[in-house]
Amino acid sequence: MILPRDASLFCLFLTLITTSCTFASNQDANNPHQDDLLPPLESDFKSYPNLANITDEERALFHPILKFPTHFKKIPVLDCTQATGLATESQRKRSKIRDKLFGLVWRNVIVNLITDSEVVRKVPWKSSKWGFGKYDEDRRAMYTSSVFDAENVVDGYSGARTVHLGIDLGAPVGTKVYAFADGVVHSVGYNEGHGDYGFVVVIEHTLPLSSTKIWALYGHMDRATSRNKSPGTPIQKGQVIGGIGDCHENGGWSAPHCHFQVSMRPPMTHDMPGACSVQDRPIALSEYFDPRYVLGQIY
Ligand SMILES: [Zn+2]
């Protein structure tokens with residue numbers, strides 16, 4: 001059949017559309033990280049893939065990473081989608097002076113008393129420092145420093161990185177941070193960028209039941225975290241690996257906290273992308289799993 005020229009062009013157009021739709025759907029079928037298979041942002045515990053297959057039984061064997069005061073019925077969950085959170089230059093200067101004058105007593109005596117004594121932990125201190133920052137939360141209003149710029153690539157992750165890949169454990173400066181399981185130090189150091197991790201340690205943990213290896217990053221820590229550690233240093237479950245850093249040492253964040261992130265692959269160095277772009281979210285969630293599989297249902 002001979003069609004008029006316009007009708008032939010129309011048929012060609014239809015064929016192209018059909019072919020490109022088939023190609024797109026085949027691509028989706030071959031892509032295991034389709035967006036529509038992912039849970040929405042800020043989903044509930046156990047909505048995300050359990051990449052390390054951590055069972056409730058295994059989780060019960062882990063040591064708490066922080067010892068929260070026991071008088072809280074529920075630790076507040078913070079909304080980190082609004083504010084920038086970065087300390088000013090003068091706040092960082094004040095924090096350095098405060099540390100020089102009172103750091104020794106505060107970190108070695110008072111904080112030890114608060115976090116180690118079962119009696120003192122029951123005292124209802126009025127402190128706004130305790131809290132949780134969510135995994136898989138889009139923080140585009142917070143991640144404004146150059147550390148999160150599109151050209152600053154971390155372990156292959158680029159673009160405007162705004163989706164949080166760890167959980168933040170907010171606590172007063174100096175609060176002890178514990179290893180949740182046995183392992184060895186993978187890397188330790190200081191990430192100096194404004195808005196980066198400050199003092200940071202990555203531990204290669206071996207899970208107690210499955211013997212699976214995972215890499216955990218503990219970021220925004222204090223200077224003591226970097227002492228007596230180098231790659232290969234053995235770490236025992238429950239060992240103090242450092243303390244929560246103040247804003248002159250934690251990368252410049254005004255609210256003291258530990259950024260806890262877990263990875264299925266070793267990082268290149270003492271760094272992991274603490275946030276990824278919206279475009280990279282599918283692949284990021286297949287590498288950095290929900291830390292609640294370690295921490296339990298904290299929110
Ligand atoms: Zn964080």
Side-chain angles (χ1 to χ4, degrees), residues 41-43 45 48 64-66 68 75-87 128-149 152 154-155 157 159-173 175 177-178 180 187 189-203 214-222 225 241-247 249-263 267 270-278 280-281 284-285 287-295 298-299:
L41 289 161
E42 302 176 43
S43 284
F45 180 42
Y48 295 95
I65 291 173
L66 288 186
F68 283 89
I75 303 290
V77 180
L78 310 169
D79 176 2
C80 300
T81 60
Q82 304 301 323
T84 129
L86 283 169
S128 58
K129 303 287 186 193
W130 304 95
F132 297 127
K134 289 182 189 170
Y135 173 69
D136 197 28
E137 181 179 55
D138 194 344
R139 299 176 166 184
R140 57 193 61 206
M142 174 176 274
Y143 293 147
T144 53
S145 86
S146 60
V147 166
F148 302 97
D149 279 353
N152 193 1
V154 183
D155 269 9
Y157 286 85
R161 296 184 293 113
T162 59
V163 180
H164 193 228
L165 297 173
I167 280 185
D168 294 327
L169 306 165
V173 168
T175 302
V177 177
Y178 302 86
F180 74 86
S187 48
Y190 181 67
N191 296 5
E192 63 180 359
H194 192 41
D196 212 320
Y197 290 125
F199 287 101
V200 58
V201 59
V202 177
I203 298 177
I214 62 169
W215 289 263
L217 180 143
Y218 305 74
H220 310 307
M221 303 284 281
D222 64 5
T225 305
I241 54 171
I244 301 277
D246 209 342
C247 61
E249 59 191 347
N250 74 357
W253 294 95
S254 57
H257 66 281
C258 169
H259 171 98
F260 178 68
Q261 184 167 335
V262 270
S263 174
H270 46 81
D271 202 6
M272 286 183 196
C276 70
S277 67
V278 172
D280 284 346
R281 181 174 172 258
L285 265 52
E287 291 191 321
Y288 307 106
F289 61 91
D290 183 352
R292 285 175 291 185
Y293 285 110
V294 172
L295 301 166
I298 53 176
Y299 66 86

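These values consider heavy atoms only, across backbone and side chains, with no hydrogens, waters or symmetry-generated copies. Read the numbers this way: they start at 1 and go in the same order the structure lists the ligands and their atoms.
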Plane angle bin for His164 and Tyr143 - parallel if under 30°, tilted between 30 and 60°, otherwise perpendicular: tilted
Parallel, tilted or perpendicular: ring planes of Tyr48 versus Tyr135, cut at 30 and 60 degrees: perpendicular
Stepwise ring pair (Phe, Tyr, Trp, His ring centres under 6.0 Å) test for Phe45 and Tyr293: CA-CA 8 Å; Phe45 180 42; Tyr293 285 110; 5.4 Å; yes
Residue His257, metal the Zn ion (ligand 1), N/O/S under 2.8 Å: no
Name, closest N/O/S atom of His259 to the Zn ion (ligand 1): ND1
Backbone N/O of Met272 and side chain of Asp155: donor-acceptor pair under 3.5 Å: no
N, O or S atom within Asp168 nearest to the Zn ion (ligand 1), by name: OD1
